[in-house]
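Since we're looking at a predicted model, the values are computed, not measured. The sequence lines fix the lettering, A, B, ..., with proteins before strands; numbering per chain opens at 1.
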Amino acid sequence: MTSRRAFLKSAGLAGGAVAAGGVNQVALAGLPELVTQTSAATAAPLVPDTGRPYRPVVTLNGWSLPWRMNDGVKEFHLVAEPVVREMAPGMKAHLWGYNGQSPGPTIEVVEGDRVRMFVTNRLPEHTSVHWHGQRLPNGMDGVSGLTQPSIPSGKTFVYEFVARRPGTFMYHPHADEMVQMAMGMMGTWITHPKAPHPLIDEVDRDFVFLLNAYDIDPGSYTPKIMTMLDFNLWTWNSRVFPGIDSLNVRQNDKVRLRVGNLTMTNHPIHVHGHEFVVTGTDGGPTPRAGRWPEVSIDIAVGQMRQMEFVADEEGDWALHCHKSHHTMNAMGHDVPTMIGVDHRDVARQITGLIPDYMVMGERGMADMAEMEMPLPDNTLPMMSGVGPFGSLEMGGMFSVLKVRKDQPRNDYRDPGWFKHPAGTVAYEYTGVVPEPTRARAAAPPAGAAITGGAGGAASIDIQIRKPQGHHGH
Amino acid sequence: MTAVQGSRKPAPTLPRTFPRTALAIGLAFAMAGCASVDIDRAVATSNDDAADFTQGALQLARTPEQQRDREAAADALLAQPLDQNAAVRLALQNSPQLQALLAQSWADAANGAQIGRLPNPVFDFERMRTVDELEFGRLLAFGLLDLITLPQRYGIAQRRTAQANIRLTRDVVAHVTQVRQAWVRAVAAEQSVAYARQVNDAAQASAELGRRMQAAGNFSRLERARQQAFYADAATQWASARQAVTATRAQLERLLGLTEAQAERLRLPPRLPDLPKAPMPPDRAARTASAARLDVRLAQASYEAAARAQGLTRITSLTDIELGVRHDTMFDRAEGGSTRRNGYEVSVRLPLFDDGSLRRDAIGAQTLALTHQLEATLRAAGSQLRESYGAYRTAYDVSRHYRDEVVPLRKLIAEENVLRYNGMFISVFELLADMRAQVNSVIAAIDAERNYWLADAALQAAIVGVPVAANPALPAGVAGSAGGPMLAAQGGGDAGH
Ligand SMILES: [Cu+2]
C-alpha cells in the first residue's frame, strides 16, 4: 500500500472554504486529514484500528479510505479532483475521481456508525455525492437541485448520517451525472454488520469492484463524455485486462465477490470452476431459501450483487463478463469481416504501397493478439495477455481467480501460474481423424457451400422466398 | 538613294582636279567598309550578355566541322540523364530553331546595317557623233549628300546592328527560358505519374479485395461497387498523368530540336531539384535587374537609331546633291585630231513640289513614339519585375508549405492510420483510401514544386528584361507545336524595325 498522507494545513485546504467567509478556524482545523492514493495496485485490506471492529474487504486495484473518530463520529474526507488512472500498463487515462484515483477509495463502516463525510470539490464544475442504496435523511441523499445545492468548485460540503443497514453500496455524483460518471467518478461503500447476522456469513476473502466503461479514442487520454452506449473500454475499477489483478485465494477459503454496475449496460459475470450463490443485492442480504447456485449472474445497470462460494478447486480460473466484446479492449466497430478472404497476393501489392502493412483478419482476429504490432500511443491491444500456454486473447472485464493449496491465510499476493498435476491438462490427439460422414442434400451438391474462399460465393445459393401478395383471398 | 540617282541626267561640267575627287571616293569606300556585320561577334556578345542563359555555348554553325561538333556534343549530353543545365546546353548545341534564330538575326543585322554603306557610284558613258565629230563622254557620278552624311549613316547602322544584337540575346533568353520551363514540366510530369500509378495500385488493390470480399460473402454488391468505383476514377487519373508525360516530353523534345533517334535516347532525372534553402531576396532580384535589362536596352537602341535617322532625314528630305566627274574626248575628223575636256557637274534637287515635311513629320512622330516607348519600358520594367518576383515568391512559399507542412502531416496521418489498422480500429480499405489521399497530396506537392521552378525560370528571364509567362498552370504549347520564342507583348520591343 503506497498511500500518501498529506496533512492539510488550514490555508492549504481550499481557498474555497476560507473564501466562503465566516468559516472559523476551529471548523477548518476540524477537517480530517486528506489522504490520496497514487498507485493502481490492489491495496492490502485496511484493518480498523479505531471504532467498531470488522473484517475488511479487498478492493480490486483499489484501496479503502482511512478515517478519523471524532466524538464517536467516523469522519472521512473525499476530494473530487482530476486524476490520472493507469488502465493497464501502457495506457493512462485522464479521468476525474476522488483522492487521487478513479474509482475513489472504498469507504468501510459498520452498521450503526454515525458517519460524517467532508466532500471537497476540486473539479472545474460543481458536483455532489449520492450515497447509492443508503437509508439516510433526504437532505443527505446528494441529488443536486433536489435535495441540496451543488457543491461549487473549491467548496467543501459535509454529509452526515447513520449507516443503518449492512450491505454493499456505491457512491457517485448526482450533478452533471452523465459527464462525471463517464469521467470516472464513483466509489464503493461497504457497511459491515455490527454483530453476527443470520443472513451474512463470515468469509475468508471479501473482494469488491465496480463495473465501469469508458470511450477513449485510441491515441488519446480523455474519455469522450458524449458517448451513450458505444464504449470501447470495459473496465473493473477503471482497469482493463491485462491490468486487472488476479483474485488470489487459499483453497477452501470462503470467498465473497461484491460487484456493482455503474455502466450503461448489463454484465453477466461468470466464474469458472465453481458454483456460487447470490447472497445479497442492493436491497440487502437475500433470504437463504431464495438462494440458488449459479456460475453467472447478470448485474443490471445500477445494481449491486454479492456472490459467495467456497474456492475448493485448485487452479487458475477465469472470472469475466460473459459479453464477449466486454472482454476486449478498444477496437473498430466498423471493420468488415475478412474471414475467408485470401489476399496474400494483394497484400504484396499493398505492402509495396504501405510498407508496414500486414495481413490480418482473413483467419479471424487472433492474428492481432499474436503479432504484437505497434499501436497508436497510449493504446492497449484489443486482446492480449500472455498465460502459461500462450496468448489469452482477452481484454476488458477479465481476470483470474487463483486458488492455491499453499496460499497463506490472509495473504493476497499473486502465487504465479498454476502448476497442473500430471495428466490434468488437455493434450493433442495424434491419431488419424476420419472424414465426417455428411448427409447428402438433394441439390445443390453439399460441401460446395463450405469451401469458402475466393470463388466460393457462386456455390452459395440461398433462396429467399418473398411474400407474394395476398393469395387465396 | 539609288532610285534618285538613276533618274539623274548629266549636269553641266565644271573644271575640277581629278586627284582630290579620287581621294574623297577612296575615303568613302574605306568608311563604307566599316559598316559591316560580324555575326560571330554578335553571338559572342549574346554569350556575354546572357551568360547565365547561354553558358557560353551559343554558336552559329556554318561548316560541316562545326555541325559535326554540335552532333558530338549532343550525343555526349544525351548519354546521361539530362539535368536542367544540360537541357539548356543541349538546346544551344542541337536546336535548329536556335540556329535559325541566329541566322535570321544575322540577316536582320545585315539589312539594318545597309544604310551605313555608300551607294555605288554611277559610271555614265556617251558616244555622240555629229557630221565630222565623234565625242566620247565619261561621267563618274555619286551622291554628294550620301557622302556628306556618311558618318550619320554609320551611326544609324551601328545602332541597328546593336538592336539586332539585343533582339538576338532577348530571343535566345526567351528560348532558353522555354527550354527550362519545358524541362521542369516534363520532369514533374514523370515524377507525378509514378505517384498516380501508386494511387491506381491502391485503388486496384481495394477493388480486388472488394471483389474477393463479395465472393466470400462478406461484402454487399454496394460495398464492392464502391471499391470498384475508386478504381475506375483512379484509372482515368493515371491515364491523364501518362498523357501529361507524353505531352510535356514532346514539348521538351521540340524545344531541344531532337531528331527521332535523339528523342529515343532522351532520359530525364527522376525528380525535380530540391527547393533552395531560402528564396532569392527581393532586393537581390531588384539589384540584379539593372540598366542592362534587355528590354530597356532595346528600347534605348530603337530610340537612338530613330533619333539619328531623324537628323539625317531633316537634310535628305529637303534636298539632294549629286556630284559627277566628267572626262570627255572629241575626235574631229576634219582636222584629224582630238580634244579632251575634264570637269565636274553638280545636280541639286529643287524642293518645289515636295518640301519633305511629310517625311520629316513621319520620322519625327516615330521618334516621339519611341521616346515614350522607352519611357514606358523603363516604367514597366520595375513593375514587371515585381510581378515576376511576387509569382516566384508565392510559388516558393506554397511549395515550401507543402514540403514542410502538408506532406509531413499526411505522412503522419498515414503512419497513425497504419497503427490504427494494426489495432483493428480501421480496415484495410480505409488504409488504402487514406493512402490514396496521401499520395494525392504528394502529387499536389510536386505540382507546387514544379510551379516554383517555372516561376524561377520566369524570374531569371524577367531580371534580364525578358518577361515570360510567369506560371502557366498548363504548358501553353503542349497540344500544338512549339513555335518560335513566345514573348509576352511588351513596349519598345520591335519598334525600331
Ligand atoms: Cu460486460
What are the two closest non-hydrogen atoms of [X] and [Y], and how far apart are they?
X: P273(B); Y: E449(B); value: O-OE2, 2.7 Å
X: R85(A); Y: N237(A); value: NH2-O, 2.7 Å
X: D245(A); Y: S399(A); value: O-OG, 2.7 Å
X: P223(A); Y: I216(A); value: CA-CG1, 3.7 Å

Are there residues of residues 427-448 of chain B that reach to under 4.5 Å of chain A by heavy atoms, and which ones?
->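 Within residues 427-448 of chain B, the residues that come under 4.5 Å of chain A (heavy atoms only) are S427(B), V428(B), F429(B), E430(B), L431(B), L432(B), M435(B).
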
Which atoms of [X] come close to chain B, meaning under 4.5 Å heavy atom to heavy atom: side chain ones, backbone ones, both, or neither?
X: I354(A); result: side chain
X: T337(A); result: both
X: A347(A); result: neither

Ring centre gap for Y421(B) and Y357(A) strictly below 6.0 Å |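 Between Y421(B) and Y357(A), the centre distance is under 6.0 Å.
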
For this output row, return yes or no: ring centroids of H320(A) and H272(A) closer than 6.0 angstrom.
->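 Centroid separation for H320(A) and H272(A): below 6.0 Å.
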
Looking at side-chain heavy atoms only, is the closest gap between S238(A) and Y214(A) below 4.5 Å?
->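 Of all side-chain heavy-atom pairs linking Y214(A) with S238(A), at least one is under 4.5 Å.
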
Does a side-chain N-to-carboxylate-O contact under 4.0 Å join E190(B) and R271(B)?
->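 Looking at E190(B) and R271(B), the cut-off is not met.
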
In terms of heavy-atom pairs under 4.5 Å, which option from E208(B), E223(B), M213(B) contacts chain A the most?
->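 Option with the top pair count is M213(B).
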
